[in-house]
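Reviewing the structure listed below.
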Amino acid sequence: MIARYKYRFYPTDQQKNSLAKLFGCARYVWNEALAYCHTAGKYLGYNQLSSWLTQLKKSVAWLREVSSVGLQQSLRHLDKAYQRFFNKEGGAPRLKKKGNKQSVTLMGNAFSLQGKGVYLAKIGVVKPIWSRELPSQPSSVTVIKDSAERYFLSFVVEVEPEKIKAKSPSIGVDLGIKIFAACSDEMKYYSPDYTPLYHRIAQLQKQLARRVKGSNRWERTRLRIAKLHCRIDDMRTDFLHKLSTKLTNENQVVCLEDLNVRGMLKNRKLSKAISRQGWRAFRTLCKAKAKKFQRELRILNRWEATSQHCSKCGWHWGKLDLSTRVVVCDNCGTRHCRDANAAKCIEQVGMGHRPTLKRMWRLNKTTEPQGSVASVSEASRILAL
Ligand SMILES: [Zn+2]
């Protein structure tokens, strides 16, 4: 199993210059290759681009000043981006910009570990802060500079899966906005409050708009905004890491709902709140950690109507308004918290304790005479909070 280990480092001024050159060349190769494919009208494949790069290096002298491995990897990344695009896993590859996060990947022949330092080809020895030990010899390293001008080394290493017995056989997780995750064991997890930071960003954005673009003051404000964004990212990543570790470590099977994030983002009122949540990243983390702890992650069909049923008796009460937080089942009389109930339904479907809720719903419809299915607005059953 492979994992990434990331460490921060502080390059010297000279190293910063060499790194800027390397990032610039890698970005140039990516953008030129992309433009080359656009003029050709199709993606030409890694092999053809590789020989194109050899030709390009003959005419562009400064490309020869940096590690050729980094440039090759730039084409490899482009190849991957195109494969993802063809498999409908992502959008079409786009041009890379200077102000965004920069990264270059070096394979084993272009870097080596030297005691406490790491030697990077044509850059020199950098000294990362070893916050934890590398578990094995890394196969590659990615040098990263984020938009807040922080530098990182991210190593790819082989790790052994951990063998710890799970405390509980299964859990259902309902992802939401107010409550990040409501679980079938009645636990609720709230994401950190990013609002003050976003508020400060909005203020600085206004200030940035008043500055002359490219001036020193403009650059200073831009950097402050970038740093705030990084702080939010760090907070979110930290939260998502901790929660995904907890859930996958403690439960043998984790059931999640396949959310139609893209469709939900079309709802303009909700889109900001949704994109700040990081649901997709959470799922990716759960997937990786399920592998690490030898657990199973089950993703439920998007169309499973998990909030429309009683988790105790399977009664279908229909669609609920988003503001409805507490539901009393009119079949068995149980008082449910909306999110915990959905999480329990997700668990039941995920574990196969119920064929699928959809079928149950149809069953209800056919066996009960029309009209006995209570309407959502019925006051005795639904207590809006
Ligand atoms: Zn019920």
Side-chain angles (χ1 to χ4, degrees), residues 1-6 131-132 152 154 159 161-198 228-262 264-265 270-300 302 304 306-307 311 322 325 336-351:
M1 203 188 103
I2 57 169
R4 278 194 175 274
Y5 277 56
K6 192 171 161 187
S131 43
R132 55 176 175 168
F152 298 95
S154 171
V159 290
E162 288 177 38
K163 286 179 186 126
I164 314 161
K165 233 180 158 298
K167 278 186 208 159
S168 148
S170 67
I171 197 163
V173 184
D174 181 48
L175 298 179
I177 291 175
K178 244 187 182 167
I179 304 165
F180 178 84
C183 298
S184 51
D185 59 359
E186 305 271 346
M187 283 294 280
K188 284 173 188 167
Y189 301 94
Y190 294 86
S191 53
D193 186 12
Y194 313 114
T195 355
L197 289 169
Y198 275 116
L228 283 172
H229 274 297
C230 284
R231 226 166 93 200
I232 295 172
D233 275 350
D234 290 348
M235 269 163 86
R236 183 173 22 230
T237 314
D238 183 57
F239 168 73
L240 295 179
H241 263 293
K242 278 178 184 157
L243 185 59
S244 57
T245 301
K246 184 178 158 59
L247 292 177
T248 43
N249 194 1
E250 289 176 358
N251 303 284
Q252 188 54 45
V253 181
V254 178
C255 307
L256 279 182
E257 214 172 354
D258 179 18
L259 292 154
N260 180 9
V261 178
R262 220 171 272 168
M264 286 169 135
L265 284 176
L270 285 175
S271 66
K272 234 182 208 169
I274 289 170
S275 59
R276 286 172 187 179
Q277 291 293 310
W279 287 336
R280 176 61 59 151
F282 180 70
R283 197 172 121 182
T284 314
L285 285 176
C286 282
K287 210 168 157 188
K289 281 171 189 179
K291 216 170 164 192
K292 180 179 170 189
F293 297 120
Q294 301 186 313
R295 306 284 191 254
E296 203 185 323
L297 179 70
R298 291 188 190 163
I299 310 286
L300 257 67
R302 171 182 308 174
E304 211 66 65
T306 45
S307 61
S311 59
L322 264 179
R325 308 315 304 171
H336 294 289
C337 164
R338 178 208 176 97
D339 305 288
N341 180 62
K344 280 175 194 161
C345 287
I346 290 173
E347 185 190 11
Q348 285 163 359
V349 178
M351 298 309 288

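Side-chain atoms are counted along with the backbone in the values below, which use heavy atoms only and exclude waters and symmetry mates.
- The two residues Glu162 and Gln294 come nearest to each other via the heavy atoms O-OE1, 4.0 Å.
- Tyr194 OH to Arg236 CZ: the interatomic distance, rounded to the nearest 0.5 Å, is 5.0 Å.
- Rounding to the nearest 0.5 Å places CG of Asp233 at 8.5 Å from NE2 of His229.
- For the pair Met235 and Asp193, the tightest heavy-atom approach, listed with the atom from each and the gap, is CE-O, 4.1 Å.
- No side-chain donor-acceptor contact under 3.5 Å links Arg295 to the backbone of Lys289.
- At a threshold of 4.5 Å between non-hydrogen side-chain atoms, the residues Leu297 and Leu256 count as touching.
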Worksheet item: Which is it for Val159 and Lys292 under the side-chain contact (heavy atoms from CB on, under 4.5 Å) test, yes or no, and what are the steps along the way?
Response: CA-CA 9 Å; Val159 290; Lys292 180 179 170 189; 5.9 Å; no

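- If you check the side chains of Asn251 and Ser168, you find a donor sitting under 3.5 Å from an acceptor.
- Among Lys178, Lys188, Arg325, the one residue that satisfies the side chain to side chain donor-acceptor pair (under 3.5 Å) test with Asp339 is Arg325.
- Distance check, rounded to the nearest 0.5 Å: OG of Ser307 to CZ of Arg338 gives 5.0 Å.
- Here Ile164 contributes atom CD1 and Asn249 contributes atom CG; the two are 4.5 Å apart, rounded to the nearest 0.5 Å.
- Residue Ile177 places its CD1 atom among more than 12 non-hydrogen atoms of other residues, nucleotides or ligands, all under 6.0 Å distant.
- In this structure Lys246 satisfies the side-chain hydrogen bond (donor to acceptor under 3.5 Å, both in side chains) test together with Glu250, sequence neighbours excluded.
- Relative to the ring axis of Tyr198, Arg276 places its NZ or CZ within 45° and under 6.0 Å from the centre.
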Worksheet item: Is there a side-chain contact (heavy atoms from CB on, under 4.5 Å) between Cys286 and Val173 once you walk through the steps?
Response: CA-CA 11 Å; Cys286 282; Val173 184; over 6 Å; no

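- Ion pairing between a basic and an acidic side chain is recognised when a charged N comes within 4.0 Å of a carboxylate O; Glu347 and Arg298 show no such pairing.
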Discussion item. Under the criterion side-chain contact (heavy atoms from CB on, under 4.5 Å), I'd like the reasoning laid out for Tyr190 against Ile179: C-alpha separation, chi angles, the key distance, then a yes or no.
Written reply: CA-CA 5 Å; Tyr190 294 86; Ile179 304 165; 3.7 Å; yes

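- Considering all non-hydrogen atoms of both residues, Cys183 and Tyr189 come closest at SG-CE1, 3.6 Å.
- A donor-acceptor distance shorter than 3.5 angstrom exists from the side chain of Gln348 to the backbone of Ser311, with no hydrogens or angles considered.
- Judged as a side-chain hydrogen bond (donor to acceptor under 3.5 Å, both in side chains), and not counting sequence neighbours, Asp174 has no contacts.
- At a threshold of 4.5 Å between non-hydrogen side-chain atoms, the residues Glu186 and Lys344 count as touching.
- Salt bridge Arg231/Asp234: absent, no basic N to carboxylate O contact under 4.0 Å.
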Worksheet item: For Met187 and Ile171, what are the C-alpha separation, side-chain angles and deciding distance, and is it a side-chain contact (heavy atoms from CB on, under 4.5 Å)?
Response: CA-CA 11 Å; Met187 283 294 280; Ile171 197 163; over 6 Å; no

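- Atom OG1 of Thr248 and atom CG of Leu243 lie 9.0 Å apart (nearest 0.5 Å).
- Annotation for Leu240 and Gln277: closest pair CD2-O, 4.2 Å, computed over non-hydrogen atoms.
- Among all heavy-atom pairs drawn from Ile346 and Gly172, the shortest one is CG2-CA, 4.3 Å.
- Pairing each heavy atom of Gly350 with each of Cys255, the nearest pair is CA-SG, 3.7 Å.
- Every side-chain contact (heavy atoms from CB on, under 4.5 Å) that Ser275 has, sequence neighbours left out, goes to Leu265.
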